[in-house]
Protein chains: 2
Amino acid sequence: MEKKQNYSKKREAILEAVRSTDTHPTAEWVYQKLKAGYPDLSLGTVYRNLSAFKEQGVIMSVGVVGGREHYDGNTSPHTHFICSRCGAVLDVPGNFVSKTQVEKTASDCGFKVTSSEVMLRGICAECLKKEKY
Amino acid sequence: MEKKQNYSKKREAILEAVRSTDTHPTAEWVYQKLKAGYPDLSLGTVYRNLSAFKEQGVIMSVGVVGGREHYDGNTSPHTHFICSRCGAVLDVPGNFVSKTQVEKTASDCGFKVTSSEVMLRGICAECLKKEKY
DNA sequence: CTCCGTGCAAATACTTTGCAAAGCG
DNA sequence: CGCTTTGCAAAGTATTTGCACGGAG
């Protein structure tokens with residue numbers, strides 16, 4: 001039983017904001033970005049719409065980094081890299097997981113896998129540069 | 001400049017609690033488990049010690065699932081499966097990432113990778129059973 | 001005696017929610 | 001009009017922190 005969804009300019013703007021960047025934004029980031037064009041936008045609305053999008057599978061969550069949930073408008077499977085220094089979340093080209101191996105494991109263990117995600121942690125190029133002291 | 005660390009029975013108990021299970025506990029879980037044996041244990045202490053352990057690399061974090069941070073006493077690289085229904089975090093045998101491929105990507109992109117993690121999402125065997133309606 | 005570790009409670013930080021008002025169809 | 005979406009502010013939840021006291025060395 002799906003709920004009917006009316007058109008909303010703000011909702012569209014929120015989705016567009018997430019899709020138009022590769023910075024893996026947080027709710028706060030989206031809010032700050034849109035505040036200029038939509039002065040009466042409320043942070044609650046951003047949160048509400050982002051979770052709705054996530055639930056519908058329109059966008060994905062990269063997970064919670066530094067206490068904040070980061071979203072990703074790119075739903076095609078790809079890899080993420082998290083810098084332990086600055087907390088940046090970067091896209092990494094390439095799929096590191098063997099699909100057949102996952103499927104085999106799933107049937108072995110008796111559960112159903114709907115998605116897989118690879119996360120690399122380390123220090124990004126930016127922070128490596130600054131670190132030379 | 002490392003800080004000196006005295007012996008503490010409670011700290012040891014907290015570490016032992018995380019290591020003695022494969023349920024990937026949260027701070028609250030550890031607290032509940034130890035409360036019986038250490039009636040005046042405080043939740044703040046559990047949080048404090050868990051983050052200290054994590055920082056020292058003695059234990060790892062599985063990430064935030066359902067709003068709570070889950071820890072893992074097993075620091076050897078392995079894979080995690082998260083059930084979208086019940087939120088359980090399970091260990092999965094097998095390493096799904098190609099080390100050489102990660103290393104190549106790292107040098108290509110100019111950052112340093114210190115760890116990699118694979119996360120599978122789906123529905124666990126338990127929940128699949130219950131779902132037959 | 002001098003620090004370290006802890007209990008306790010207050011403070012944070014992010015996210016969710018209730019409700020009345022405004023908007024879409 | 002009926003149902004959806006929003007603003008606003010209050011409530012929630014997980015985690016962190018300040019401080020005085022008990023404990024280890």
Side-chain angles (χ1 to χ4, degrees), chain A residues 1-18 23-56 58-72 82 87 89, chain B residues 1-18 23-56 58-72 82 87 89:
Chain A
M1 176 185 167
E2 308 279 305
K3 212 164 245 178
K4 192 189 172 184
Q5 194 164 292
N6 285 344
Y7 171 83
S8 150
K9 192 155 191 177
K10 282 170 187 169
R11 172 159 45 226
E12 192 160 305
I14 291 170
L15 179 55
E16 182 50 28
V18 177
T23 59
H24 308 86
T26 63
E28 182 68 31
W29 186 94
V30 172
Y31 175 63
Q32 293 300 337
K33 171 149 194 209
L34 296 180
K35 211 172 48 177
Y38 302 81
D40 66 343
L41 178 66
S42 131
L43 189 52
T45 299
V46 177
Y47 274 108
R48 255 186 299 231
N49 281 303
L50 287 178
S51 8
F53 287 145
K54 176 180 160 187
E55 207 158 322
Q56 299 163 208
V58 180
I59 64 176
M60 308 210 66
S61 167
V62 184
V64 179
V65 181
R68 287 168 224 155
E69 177 144 36
H70 288 250
Y71 293 94
D72 190 341
I82 297 180
V89 182
Chain B
M1 178 184 165
E2 310 278 305
K3 213 165 243 178
K4 192 188 172 185
Q5 195 163 289
N6 285 344
Y7 172 83
S8 150
K9 192 155 191 177
K10 282 170 187 169
R11 171 156 47 225
E12 193 161 302
I14 291 169
L15 180 54
E16 182 51 28
V18 177
T23 59
H24 308 84
T26 62
E28 182 68 31
W29 186 95
V30 172
Y31 175 62
Q32 293 299 337
K33 170 150 194 210
L34 296 179
K35 210 171 48 176
Y38 302 81
D40 65 342
L41 178 66
S42 130
L43 188 53
T45 299
V46 176
Y47 274 109
R48 255 187 298 234
N49 281 304
L50 287 178
S51 8
F53 286 144
K54 176 181 161 188
E55 207 157 323
Q56 300 162 206
V58 180
I59 63 176
M60 307 211 66
S61 167
V62 184
V64 179
V65 181
R68 288 168 223 156
E69 175 144 36
H70 288 249
Y71 293 94
D72 189 341
I82 297 179
V89 181

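Small disclaimer: the values here were computed from a predicted structure and weren't measured. Note on naming: letters A, B, ... go to the chains in the order of the sequence lines (proteins, then strands), and numbering restarts at 1 for each one.
Within 4.0 Å of B:Asp40, counting heavy atoms only, lie sugar-phosphate atoms of the nucleic acid but no base atom. At a threshold of 4.0 angstrom between heavy atoms, the contacts of A:Tyr7 are confined to the sugar-phosphate backbone, with no base atom among them. In this structure, B:Glu69 reaches the sugar-phosphate backbone alone: every heavy-atom distance under 4.0 Å involves primed, P, OP1 or OP2 atoms, never a base.
No option in B:Val46, B:Thr26, B:Leu50 other than B:Val46 meets the side-chain contact (heavy atoms from CB on, under 4.5 Å) test with B:Tyr31.
Between the OH atom of B:Tyr38 and the C1' atom of D:dG22 there is a distance of 17 Å, rounded to whole Å. Taking atom CD on A:Glu28 and atom P on C:dT16, their separation rounds to 14 Å, with Å as the unit. At whole-Å resolution of the value, CD in A:Gln5 and P in D:dT5 are 5 Å apart. A straight line from CG of B:Leu43 to P of D:dA14 spans 10 Å, rounded to a whole angstrom. Going from atom CZ of A:Arg68 over to atom P of D:dT16 covers 14 Å, rounded to whole Å. Note: CZ (B:Arg11) to C1' (C:dC4) measures 8 Å, nearest angstrom. Atom P of nucleotide C:dG5 and atom CG of B:Leu50 are separated by 15 Å, given to the nearest angstrom. Between the CD atom of B:Glu12 and the P atom of C:dG5 there is a distance of 14 Å, rounded to whole Å.
Here B:Tyr47 contributes atom OH and B:Glu28 contributes atom CD; the two are 6.5 Å apart, rounded to the nearest 0.5 Å.
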Derivation of the side-chain contact (heavy atoms from CB on, under 4.5 Å) call for B:His24 and B:Asp72
CA-CA 5 Å; B:His24 308 84; B:Asp72 189 341; 3.3 Å; yes

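OP1 or OP2 of D:dG7 has at least one side-chain nitrogen or oxygen of A:Thr45 nearer than 4.0 Å. For D:dG7, one of the phosphate oxygens OP1 or OP2 lies less than 4.0 angstrom from a side-chain nitrogen or oxygen of A:Lys10. Between D:dT6 and A:Ser8, a contact under 4.0 Å exists linking OP1 or OP2 to a side-chain N or O.
Listed nucleotides D:dG7, D:dT4, D:dT16 differ in distance to A:Asn6; the shortest reach to its side chain belongs to D:dT4. Side-chain proximity of B:Tyr47 to C:dT16, D:dG25, D:dT16: nearest is D:dT16.
Side-chain atoms of B:His70 do not come within 3.5 Å of backbone N or O of B:Val62 as any donor-acceptor pair.
Between A:Val46 and B:Gly44, it is A:Val46 whose nearest contact on DNA chain D lies nearer the 5' terminus.
A donor N or O paired with an acceptor N or O is found under 3.5 Å between the base of D:dG18 and the side-chain atoms of B:Arg48.
Counting all heavy atoms, side chain and backbone alike, A:Gly87 lies closest to A:Val65 at O-CG1, 3.9 Å.
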